[in-house]
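Have a look at the structure below, then the notes.
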Amino acid sequence: MRADDVDTLDALFAAGPHTLRGDGTTLLVGHDQIAAFRRGRGGAPSRRAVVLEVRPLADDAVLVAAVTTDAGTRAHGLQTQLWQRREDRWVVTAAHVTQPARPPAVDGSIWRKVGTPLVEPAGSGVLDGLTVAVKDVLAVAGERMGLGNPTWLADQEPEARSAPAVQQLLAAGAAVTGIARTDEFAYSLAGQNRHYGTPPNPAAPGCLSGGSTSGPAAAVALGQVDIGLGTDTAGSLRVPASYQGLVGVRTSHGAISVEGVHPLAPSFDTVGWLTRDVDVAARVADVLLAHRPNVAPGSRTAVIPALRGWINAELDTRVTAALAELTGAGVLAPVEDADLAHDEITAWARAFRVLQAFEVWQGQGGWARDHPGAFGPDVGGRFAFAATVTTDQADTARETVRDARERLRRLLADTVLVLPASSGPAPSLHAGKDIVEDERTATVRLTQLASLAGAPAVALPVLWMSDGRPVGLCLVGAPDTDRALLALGRTVTEALAAAAASR
């Protein structure tokens, strides 16, 4: 009942004094009480069933349980209904609704600083009325930059001016709600921060939020803002988008100025954003990429079979099914296999890791050396590795990266590459360190491809695992196809929604 059709809901619940409807605080007895409650609450939030289980109890009785997601916040709830056949029609005789717990108004794991708003719009335009969470690696005038680390933050002075990307959003009518958390120095994909905690994942409660644009992602997923402005080096926008059922946009390398953006690895760093739907993502692109050419994506569609060893088996099946729907509807051209080998992708990943680490150490190594113990164990371990990378190793890695970029750009010149935005759904908050690191390693095999190519990538919230956790479907195109990829993403999203509705 996504439309909250009160009359239809009343008709579906059994008439009489014995029908039950319960939630976390109230038990309603009888159809009249239930109908009065429904009409007096002023409307229910729009929900989508992401998991549905049906258990026949008798010839005339069926138990139905569904995991639902709130259209606004993406938070999960649970609905259980007992359906019985009476006079040749099925009606609900008992129902229980468990609404998702609401987070605190200001969650310190999501936000470092919040205003009402923090920064007012500087103009008017296509983003009028929209709100933004800025990842704590982009400058906001008058505010300090924290990088997800309290030791770093303590030594900072307020920024003299905002990063150009922030200025452009403000000029187009958006307001900055606040500065949102990041993994330390943006050097992680998990969303965990030893100092400030792990932001919630409303799309997969009890699971990691994904990083390093973790705070903005959670703020968008919870409906606290419309846009999460962040960065993507190895997947820092695409992974939280995948884990939280959001649209995540990594832009072409160099398409948006990185002035006022604290660097991680300049060879791969990009500015991008997260939204709950493609339309808002496209409006942001019209602002931040207005000065760039709008190149059409390739007419061919390709997947990389060699990636399957790093992709969750159920997810691989769902990607295959989605591609069959899309090619059958004529949205995508028939799928071809890209001739990239497992060993080749593995070698690229080693080079990516080495060059990224070298650039991290060149930029941040002095500070890390002067502040031992300032990092959590995961980021601290990466800095420890970065300290060992030699110039010769970096030069060798740079040659491999250059070759990979040329090879991938040749592929993308006439092709849209389709792959999952992460290797699987969000891991549990209680997953061991080895499991989280294994997921990260597998995911980077996928996300590195756009990073190596300097190419745009759009993660779309269109895949759902059998347990209700989302995973993004990612479109990768040639440089400067950013806006065209978003237009294609809108068509993909609409086609898959229509196919799901017809089943």
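Throughout, numbering of the chain's residues begins at 1 and tracks the sequence. Note that the structure is a prediction, hence the values are computed from the model and not measured.
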**Q.** salt_bridge(R407, E344) N-O dist < 4.0 Å
**A.** yes
* Asked: Is the shortest heavy-atom distance from the side chain of W367 to the side chain of D370 under 4.5 Å?
  -> no
Within the side chain of W111, is there an N or O that forms a donor-acceptor pair under 3.5 Å with the backbone of G178?
no
Open item on the list: I'd like to know if the side chain of N201 and the backbone of Y243 have a donor-acceptor N/O pair within less than 3.5 Å.
Closed with: yes
> Considering only heavy atoms from C-beta outward, does the side chain of L274 approach that of V247 to under 4.5 Å?
Replying inline: no
Exercise. Should the pair R398-D395 be classified as a salt bridge under the 4.0 Å nitrogen-to-oxygen rule?
Worked result: yes
Heavy-atom closest pair (A139 atom, V166 atom, distance to 0.1 Å) is O-CG2, 3.8 Å
Donor on one side chain, acceptor on other, S267 and E359, under 3.5 Å
yes
Evaluate the criterion side-chain contact (heavy atoms from CB on, under 4.5 Å) for residue pair L452 and V401; output intermediate values, then yes/no.
-> CA-CA 6 Å; L452 288 167; V401 167; 3.9 Å; yes
- Got V249 and D482 here, is their nearest side-chain heavy-atom distance under 4.5 Å? no
Any donor-acceptor N/O pair, Q364 side chain to P263 backbone, under 3.5 Å: yes
- Does a side chain donor of either D269 or T233 reach within less than 3.5 Å of an acceptor in the other side chain? yes
Distance-only, no hydrogens or angles: does the S212 side chain make a donor-acceptor pair with backbone N or O of D183 under 3.5 Å?
-> no
Are D136 and R181 within salt-bridge range, i.e. N to O under 4.0 Å?
no
Sorted by chain and residue number, the ring pair (Phe, Tyr, Trp, His ring centres under 6.0 Å) partners of F383 (sequence neighbours excluded) come out as F185, Y187, F375
message = Are the side chains of T400 and F352 in contact, using a 4.5 Å heavy-atom criterion?
response = no
Residues A450 and V476: closest non-hydrogen pair is CB-CG1, 4.0 Å
Audit row: D232, R238, salt bridge (Lys or Arg N to Asp or Glu O under 4.0 Å) steps and yes/no:
CA-CA 8 Å; D232 187 304; R238 291 165 283 165; 2.9 Å; yes
Practice prompt. Go through the steps to decide whether R382 and S188 satisfy the test side-chain contact (heavy atoms from CB on, under 4.5 Å), and finish with yes or no.
Written response: CA-CA 9 Å; R382 290 186 195 106; S188 175; 3.6 Å; yes
- Query: Which is it for L169 and V284 under the side-chain contact (heavy atoms from CB on, under 4.5 Å) test, yes or no, and what are the steps along the way?
  - Reply: CA-CA 8 Å; L169 296 183; V284 176; 4.1 Å; yes
Under 3.5 Å, sequence neighbours excluded: what are the donor-acceptor pairs made by side chains of residues 114-125?
| residue | atom | partner | partner atom | Å |
| --- | --- | --- | --- | --- |
| S124 | OG | D128 | OD1 | 3.2 |
| S124 | OG | D128 | OD2 | 2.6 |

In this structure, CG of L460 is separated from CG of D277 (nearest 0.5 Å) by 11.5 Å
**Asked** For the side chain of Q192 and the backbone of G197, is there at least one donor-acceptor N/O pair under 3.5 Å apart?
**Response** no
Q) Do any N or O atoms from the side chain of R283 and from the backbone of V126 form a donor-acceptor pair under 3.5 angstrom? A) yes
TODO: Report yes if some heavy atom in the side chain of V271 is under 4.5 Å from a heavy atom in the side chain of L229; otherwise report no.
DONE: yes
Check E143 with K113, please: is the shortest side-chain N to carboxylate O separation under 4.0 Å?
yes
Is H291 reaching over with its side chain to a backbone N or O of I256, donor-acceptor style, under 3.5 angstrom? no
For the ring pair W152 and H262, is the centre-to-centre distance below 6.0 Å? yes
In short, V132 meets A174 closest at the heavy-atom pair CG2-CB, 3.8 Å
*Hey, is the main chain of G366 close enough, under 3.5 Å, to the side chain of H371 for a donor-acceptor pair?*
no
### Query
For the side chain of T231 and the backbone of T270, is there at least one donor-acceptor N/O pair under 3.5 Å apart?
no
For A384 and T388 the tightest heavy-atom approach is O-CG2, 3.4 Å
Test item: side-chain donor near acceptor, K135 and S214, under 3.5 Å:
no
Legend entry - Cationic N near anionic O, under 4.0 Å, E314 to R318: yes
Shortest non-hydrogen pair, L315 vs S423, comes out as CD2-O, 3.6 Å
State whether the side chain of R483 and the backbone N or O of A282 hold a donor-acceptor pair below 3.5 Å, judged by distance alone.
no
- Output yes when E259 and R161 qualify as a salt bridge under the 4.0 Å nitrogen-oxygen rule, no when they do not. yes
All heavy atoms of L463 vs all of A322, minimum pair found to be CD2-CB, 4.0 Å
- With R353 as the cation and F385 as the aromatic partner, state whether NZ or CZ is under 6.0 Å from the six-membered ring centre and within 45° of the axis. yes
Quiz item: Any side-chain heavy atom of L222 within less than 4.5 Å of one from P200?
Solution: yes
Indicate whether the side chain of T131 and that of D226 have a donor and an acceptor atom separated by less than 3.5 Å.
yes
